Number of protein chains: 2
Amino acid sequence: MADRGTAQQPTSGESLLFLTDDQLRRGIEAMFFAYRGFTADPDRILAEKEYGRAHHRAIHFINRSPGTNVNTLLAILGVTKQSLNRVLRTLIEDGLVEARVGKRDRRERHLYLTDAGVELERELSDAQRARMRAAYRAAGPEAVAGFRLVLEQMMDPELLRHYREGGEGQT
Amino acid sequence: MADRGTAQQPTSGESLLFLTDDQLRRGIEAMFFAYRGFTADPDRILAEKEYGRAHHRAIHFINRSPGTNVNTLLAILGVTKQSLNRVLRTLIEDGLVEARVGKRDRRERHLYLTDAGVELERELSDAQRARMRAAYRAAGPEAVAGFRLVLEQMMDPELLRHYREGGEGQT
DNA sequence: ATTTTTATGTCAGCCTTGTTGACTTTCCAA
DNA sequence: TTGGAAAGTCAACAAGGCTGACATAAAAAT
C-alpha cells in the first residue's frame with residue numbers, strides 16, 4: 001500500500017527500469033534462492049555433528065570478536081537470551097566455547113572459542129567461503145562491490161553498525 | 001580445508017584483493033544481516049495474521065506461477081511434502097488458496113490464489129518491495145546488476161533454473 | 001485386465017530454534 | 001544499603017523443518 005502500482009515507465013533520462021516491480025520481484029527471489037545456497041554447505045557439516053545453524057552463528061561471531069559478552073552477541077544475533085543460552089550451553093558443555101567471568105564486571109561472561117571450537121569454525125567457514133569465493137570470482141570485483149552495497153542498504157541500521165565495526169579488514 | 005590460508009597477496013595485474021578471506025567474511029556477514037532485514041517487514045505483518053514465513057513463501061510462488069502443481073512447488077521451496085502440506089492446508093481452509101483438480105491429469109492439484117490470497121500477497125510483497133526498492137535506489141543500477149550476478153552464482157544450479165524460468169520479466 | 005508407478009494427502013512423532021514469563025544469583029553504582 | 005542491570009535457569013509453548021508409514025486416485029506400463 002506504499003506503492004504506485006505495477007505500471008511504471010522510464011521517467012527522467014536515468015532510466016529507472018531497474019526499479020520496476022518485476023525487477024524487484026526477481027531480486028527478492030534471488031535473495032531467497034541464494035540464501036539457501038549460502039547455508040547449504042555448513043548445514044551439511046553441522047547435521048553430521050548434531051549441531052544446527054544457530055550453533056554456527058554463535059561460533060562465527062565469537063570467533064570474529066573473541067571475548068565478546070553475551071549481551072553484545074544477543075544484539076548481533078537478534079534472538080532472546082533464552083534461545084542463545086540453550087545453544088551456548090551445549091557449546092560450552094561440548095568444550096567448543098569457554099565463558100570466562102569478567103574481570104572488571106564479574107557479572108559478565110566473556111566468550112572464547114577453545115581449540116576445538118576454532119577447529120569447527122574453520123571447517124564451517126572454509127566450506128562457506130569456498131562457495132562465496134567461487135561466486136565472487138565468477139561475478140568479478142565490480143559485481144562484488146555492487147553486491148555488498150545493496151546488501152548494506154537492506155540491513156537494519158542498527159545491524160549495519162555491528163557489521164561495519166566487526167573485524168579489522170581494510171575495506 | 002580447501003583453502004590456501006589467510007595470507008594472500010595481489011597476484012596478477014587484476015588485483016584479487018576482493019577474494020581475500022577477510023573480504024569473503026564480510027560478504028558472509030552481509031548476507032546474514034541483510035537477510036534479516038529482507039524478511040523483517042513481511043514477518044511483522046505475518047505475525048499479526050497468525051501466519052509464518054512458510055506461508056509467505058507458498059503464497060509468493062503460487063502468485064508468481066498460478067496453476068502450478070504441488071510437486072513443482074515442492075522442488076522450488078525445497079521442503080518435504082508433509083511440511084508444505086501443513087502450510088497449504090491452512091491456506092486452503094482459510095480461503096486464501098484454491099486447489100483445482102487437474103484436467104489432463106486428475107491426480108494433480110493446480111494451485112491458485114483467491115481474491116483474499118491475492119490481497120495478502122500484495123500486502124506482503126508491497127512491504128518487501130518497499131525495502132528492496134529503497135536499497136536499489138540508494139545503491140544504483142550498476143550495484144543492482146552486481147548484486148544479482150553474485151546471488152545467481154551462489155545459487156544451487158537446480159534452483160537457478162527455477163529462478164530464470166520464473167516470471168516473464170524482460171531482464 | 002492387471003500391475004506398477006506417480007501425485008497427493010494424512011497421521012504420528014521427532015528435532016531445532018524461536019518465543020514469553022517467572023524466578024534467582026551476582027554485583028555495580030547511586 | 002538498596003535498586004537495578006547482567007546473566008543464568010526452568011517451564012511451557014509454537015512454527016516449521018524432518019522421517020516413516022500408509023491411503024487413495026489415476027495414469028502408465030505390462
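Just so you know, these numbers come straight off a predicted model, no measurement behind them. Note on naming: letters A, B, ... go to the chains in the order of the sequence lines (proteins, then strands), and numbering restarts at 1 for each one.
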- Query: Step by step, would you call A:Ser125 with A:His60 a side chain to side chain donor-acceptor pair (under 3.5 Å)?
  - Reply: CA-CA 8 Å; A:Ser125 68; A:His60 173 95; over 6 Å; no
- Task: Starting at atom CD of A:Glu93, determine the distance to atom C1' of D:dT9, rounded to an integer number of angstrom.
- Result: 13 Å
- Does B:Arg89 have a side-chain nitrogen or oxygen under 4.0 Å from the phosphate oxygens OP1 or OP2 of C:dT10? yes
- Query: Can a salt bridge be assigned to the pair A:Arg36 and B:Asp156 using a cut-off of 4.0 Å between side-chain N and carboxylate O?
  - Reply: no
- Query: How do B:Val87 and B:Lys81 order along DNA chain D: which one's closest nucleotide is nearer the 5' end?
  - Reply: B:Val87
- Message: When you measure from the side-chain N and O atoms of A:Thr80 to the phosphate of C:dG18, is any distance below 4.0 Å, counting only OP1 and OP2?
- Response: no
- Item | B:Phe32-A:Tyr35 aromatic ring centre distance below 6.0 Å | no
- D:dG4 P sits how many Å from A:Asp105 CG, rounded? 18 Å
- Residue met sooner reading DNA chain C from 5', once B:Val70 and A:Gly52 are mapped to nucleotides: B:Val70
- Separation of A:Glu50 atom CD from C:dT16 atom P, in whole Å? 7 Å
- Message: Please verify the inter-ring angle class for B:Phe33 with A:Tyr163; under 30° counts as parallel, over 60° as perpendicular, anything in between as tilted.
- Response: perpendicular
- Ion pair present between B:Arg106 and B:Glu108, side-chain N to carboxylate O less than 4.0 angstrom? no
- Message: Quick check on the helix from C:dA1-D:dT30 to C:dA30-D:dT1: what's the angle between its two end axes, five base pairs per end, to the nearest 10°?
- Response: 20°
- Item | Value in whole Å for how far the C1' atom of C:dT26 lies from CZ of A:Arg104 | 18 Å
- Counting side-chain heavy atoms from CB outward, which of D:dC18, C:dC28, D:dA11 is closest to B:Val79? D:dC18
- Task: Please tell me which of the listed nucleotides, D:dG17, C:dT17, D:dA26, lies nearest to the side chain of B:Ala54?
- Result: D:dG17
- Check whether any side-chain N or O of A:Arg57 sits under 4.0 Å from OP1 or OP2 of C:dG18, and answer yes or no. yes
- Item | Separation of atom CG in B:Asn69 from atom P in D:dA27, rounded to whole Å | 14 Å
- Item | B:Arg161 atom CZ: more than 12 heavy-atom contacts under 6.0 Å | yes
- Note on the structure: When rounded to whole Å, the CG to C1' distance for the pair A:Leu46 and C:dT16 reads 12 Å
- If only atom types and distance count, is the side chain of B:His55 paired as donor or acceptor with the main-chain N or O of B:Gly52 below 3.5 Å? yes
- Is B:Arg107 near enough to D:dA25 that one of its side-chain N or O atoms lies under 4.0 angstrom from OP1 or OP2? no
- Message: Measuring to OP1 and OP2 of D:dA7, would you say a side-chain N or O of A:Asn71 lies under 4.0 angstrom away?
- Response: yes
- Task: Check if the side chain of B:Gln82 and the base of D:dG16 share a donor-acceptor pair of N or O atoms closer than 3.5 Å.
- Result: no
- Message: I want to verify a distance call: between C:dT8, C:dC11, C:dT17, whose nearest atom is closest to the A:Ser83 side chain?
- Response: C:dT17
- Query: Between atom CZ in B:Arg100 and atom P in C:dT8, what is the gap in whole Å?
  - Reply: 16 Å
- Query: Just checking B:Arg86: base, sugar-phosphate only, or nothing, at a heavy-atom cut-off of under 4.0 Å?
  - Reply: base
- Which of the following nucleotides, D:dT9, C:dG18, D:dA7, is nearest to the side chain of A:Asn85? D:dT9
- Item | Presence of salt bridge, B:Glu123 and B:Lys49, under 4.0 angstrom | yes
- Nucleotide nearest A:Arg109 (side chain, heavy atoms from C-beta), chosen from C:dC11, C:dT20, D:dG8: D:dG8
- Message: It should be established whether B:His55 places a side-chain nitrogen or oxygen under 4.0 Å from OP1 or OP2 of nucleotide D:dA15.
- Response: no
- Message: Using whole Å, what does the distance between atom P of nucleotide D:dG4 and atom CD of A:Glu108 come to?
- Response: 20 Å
